[in-house]
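Bear in mind the structure is a predicted one, so any value in this text is a computation, not a measurement. Each ligand, and each atom within it, is numbered from 1 in the order the structure gives. In this chain, numbering begins with 1 at the start of the sequence shown.
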Amino acid sequence: MAVRSNFVWLTLALSLSDLSCNASPVRQRAAVPDGFYAAPYYPTPYGGWEDSWKDSYAKAQALVGKMTLAEKTNITGGSGMFMGNPCVGNSGSAYRVGFPQLCLQDGALGVGNTDHNTAFPAGITTGATFDKDLIYARAVAIGKEFRGKGAHVFLGPSVGPLGRKPLGGRNWEGFGADPVLQGIAGALTIKGVQEQGVIATIKHFIGNEQEMYRILWPFADGVHAGVGAAMTSYNAVNGSAASQNAYLINNLLKDELGFQGFVMSDWLSHISGVASALAGLDMSMPGDTQIPLFGGSLWKFHLTEAALNGSVPVDRLNDMATRIVAPWYQFGQDKNFPAVNFHSYVSSEKGLLYPGAVPVSPIGKVNWFVDVQADHGSVARQVAQDAITLLKNDDNFLPLSTKSSLGIFGSDARVDPAGPNACGSRACNKGTLGMGWGSGVANYPYFDDPITAIKKRVENVKLYDSDDFPHTLTPSPTDDDIAIVFINSAAGENSLTVEGNHGDRDNDKFSAWHNGDKLVQKAAENYKNVIVVVHTVGPLILEPWIDLPSVKAVLFAHLPGQEAGESLANVLFGDVSPSGHLPYSITKKENDLPDSVTKLVKEIIGQPQDTYSEGLYIDYRWLNKQGIKPRYAFGHGLSYTTFNYTDAHIKIVNALSSALPPARQPKPSVAILSTEIPPASEAYEPADFSKVWRYIYSWLSKSDADKAYAVGTSSSSKSGSQIYPYPEGYSTVQKPGVPAGGGQGGNPALFDTILELDVTVQNTGSRHKGKASVQAYVQFPTDSEYDTPIIQLRDFAKTKELGTGESETVTLRLRRKDLSVWDTQKQNWVAPGALGANGKSKRYIVWLGEGSDKLFTRCFSDTLVCERGVEPPV
Ligand code: BGC
């Protein structure tokens, strides 16, 4: 039996490191700074009132109505790490009534821990395409692969972390350091995946990055797209762990954002029994206590007990179970959903059915090697190619001729000689960097590396397979010879350390790994013409070499997944023009950004606090406010051709007749199941059942069940507080709903299109075809009372490939939300500007450009005039 790399041990290590780094109740926290408070919000709002979910809820409620108490508590928790269905998370089943175990599987860039799957480009690469169609196409392919493998729940997209901290280890799983880029890409990913009948999971709610609403933004867009599941984060927010933070889950996610699906804990971050249920958590993953593999759980049998003794209201449990069953109906998983056909921990055909129960686990067939790749490699290649971002191209040095004589430098040019999957969870950096490391990876089915693709095109190529520049070059380079230098920078999840980087880039920081800067400098000393190709999880500081005269061109290829070679060669040799744009800014020095984002909070003991003193000002928002010019700004990306943008128009689609959105409609009431404590017999462990060692079940012994039931139904305990010390603000009466809510993602009016802009893009070059990306940035009224970044991305559109002289008109849309500011006093979104010719003051300006520092046209919301050739505000 072959184990899938060292995943088992890595995951275990992960869990233990979570214990040491995250929200453990037994550890002492540093004090939460004054003024930060996780306000109570009870009870958990019911799901099922939103129109598009009503049918699924009706079916779900009918099914949950047939479940016994132990069946309901069974489906709300995992069966334990490495137990049962062989996915990274496996919920309990209620087979008697026809509800299966759900298979929950990583990762955000493809089906993880299996075979015959596609390893798509990472989120950060996908964001760099600035191409909605491609983002969606990747999601459709990912959704098909998850379904093909029998995985019900895709543990992605990741939109938190948002990229607030450029050195953060997991930014690459998401789409870029901007809430709108994350929001649009996350929502399209959810749509594409869920249309294939797979439940998407928006995560991690909410990262290291909460208390400002900008961070909530991509989650709101994801909920608006109808996401079926959400995962909480490991950290605490305002002093309360995210998995039991009633303000976050009950108030923000389920009330204000109107989330209709279920909320799961991140792996082993579930830290309380009753408190988390009351705070709105619906599923405990993978089911264990913080110390896994011993069959312990905070829910399952304990939740059964808590329902019987009255500490968790049956009403809440019904809602938890219904929220889990409803997405299963919503995405058609009740009909013809394939059985799980792979195993996360075993790569051979047969293996342990319950690896966590070794040595007593039975053995059986666990892998069917189902090939789900179809033609998805071409989608992966297109994304990788269209993400490649040309930062610099002196004298139009690129594209190259295939007659060139090339010296290729750096181990990043070729695949790891031990194979692309040699390191478990991709936790090493020994060849072309196609992805970061940790749970967000997938196995490569093959790896198309750059050197192979280059050699296919060019005869005269020599690879210097080292990260040190050779002492002698034979023959020595002529003036016409070209060096292509490959450098990289990796990051991943903190359970694994690679070359001194503990997940975050805390060792190499903003420098390329393996002394990459030196390699470029040396190449630039020896060659007249140097091209630098960078595979990276995020921004690097390029100052050590960017201005050297021989450094002619720089390409950021981000993290291309399996399709690193042809995608790059197509750009290098001009089969296509580069069309990617930076999903973050590249500063000249680290302290161009504030310490609160560039410094990693690092303490071995205690739970440190991370205060968001930069407010809304991350990335280009900070740089613009401080008047700091970065080396390359957010959104920057060159092409081999040139584009002209003419005929810009702005029109009002819907009136913005009031600063506040119209008052939300009263929340429709929903039918509920009986709230009576059920008979204890519904929890009795069956007499003839043979239990698997360490497997987590939801039954109680007869005596424990009877005892709990007696407590729950005694007249003294009915008043409630004797049973459990309920938190401040505890209530069981459903609230009418906060004013900012009313639909999925918030007040439905926030999603009304208010302004529509179009602009005609023409390829004005004479030699190359190419795609252009138009980005729309809003400038809020300068005379409003709100402090807003000077410009903020609000929409983007990419053209098709335009031949020379060809043009296309693209349309961009701004919704009420895009024109609003979160008012912390009013607790609502306020639109501070005016539309139409009547309001000369307080107008919005929408800037159109091909980068946050290349704004060429401005359009006014009041006069509805667009003009070119004006000085941009940044
Ligand atoms: C990660 C999640 C992942 C889960 C399951 C956790 O460590 O934070 O993103 O989905 O593990 O592998």
Review point. Any nitrogen or oxygen of His204, main chain or side chain, under 3.5 Å from a nitrogen or oxygen of ligand 1?
Key: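 Yes: some nitrogen or oxygen of His204 is under 3.5 Å from one in ligand 1.
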Within the 4.0 Å heavy-atom shell around [X], which atoms of ligand 1 are there?
X      : value
Leu155 : 10 (O)
Arg170 : 1 (C), 2 (C), 8 (O), 9 (O)
Lys203 : 2 (C), 3 (C), 9 (O), 10 (O)
Trp267 : 4 (C), 5 (C), 11 (O)
Glu493 : 1 (C), 6 (C), 7 (O), 8 (O)
Ser439 : 1 (C), 2 (C), 3 (C), 9 (O), 12 (O)

Point to revise | Within residues 278-300 or reaching into it, pairs that qualify as ring pair (Phe, Tyr, Trp, His ring centres under 6.0 Å) - sequence neighbours excluded | key: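 Checked against ring pair (Phe, Tyr, Trp, His ring centres under 6.0 Å) - neighbours excluded - the pairs reaching residues 278-300 are His270-Trp299.
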Point to revise | side chain to side chain contact (heavy atoms under 4.5 Å, CB included), paired with Leu253, selected from Asn245, Leu248, Thr232, Val223 | key: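 Result: among Asn245, Leu248, Thr232, Val223, Val223 is the only option passing the side chain to side chain contact (heavy atoms under 4.5 Å, CB included) with Leu253.
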Practice item. With Leu353 as reference, evaluate Val692, Val366, Val346 under the side chain to side chain contact (heavy atoms under 4.5 Å, CB included) test and give the passing residue. Key: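 That would be Val366; it is the only one of Val692, Val366, Val346 passing the side chain to side chain contact (heavy atoms under 4.5 Å, CB included) with Leu353.
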Check your understanding: Measuring from the heavy atoms of Met231, does anything fall under 4.0 Å of ligand 1?
Key ->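 Met231 counts as a contact of ligand 1 under the 4.0 Å cut-off.
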Exercise for review: Output all residues satisfying side-chain contact (heavy atoms from CB on, under 4.5 Å) with Val498, sequence neighbours left out; order by chain, then residue number.
Suggested key: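 Checked Val498 against side-chain contact (heavy atoms from CB on, under 4.5 Å); matches are Ala427, Trp437, Trp513.
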Exercise for review: Start with the C-alpha gap between Arg170 and Ser158, add the side-chain angles, then the distance that decides, and say whether side chain to side chain donor-acceptor pair (under 3.5 Å) holds.
Suggested key: CA-CA 9 Å; Arg170 299 185 69 181; Ser158 173; 5.8 Å; no
Check your understanding: Got Pro157 and Phe175 here, is their nearest side-chain heavy-atom distance under 4.5 Å?
Key ->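 They are in contact (side-chain heavy atoms under 4.5 Å apart), so the answer is yes.
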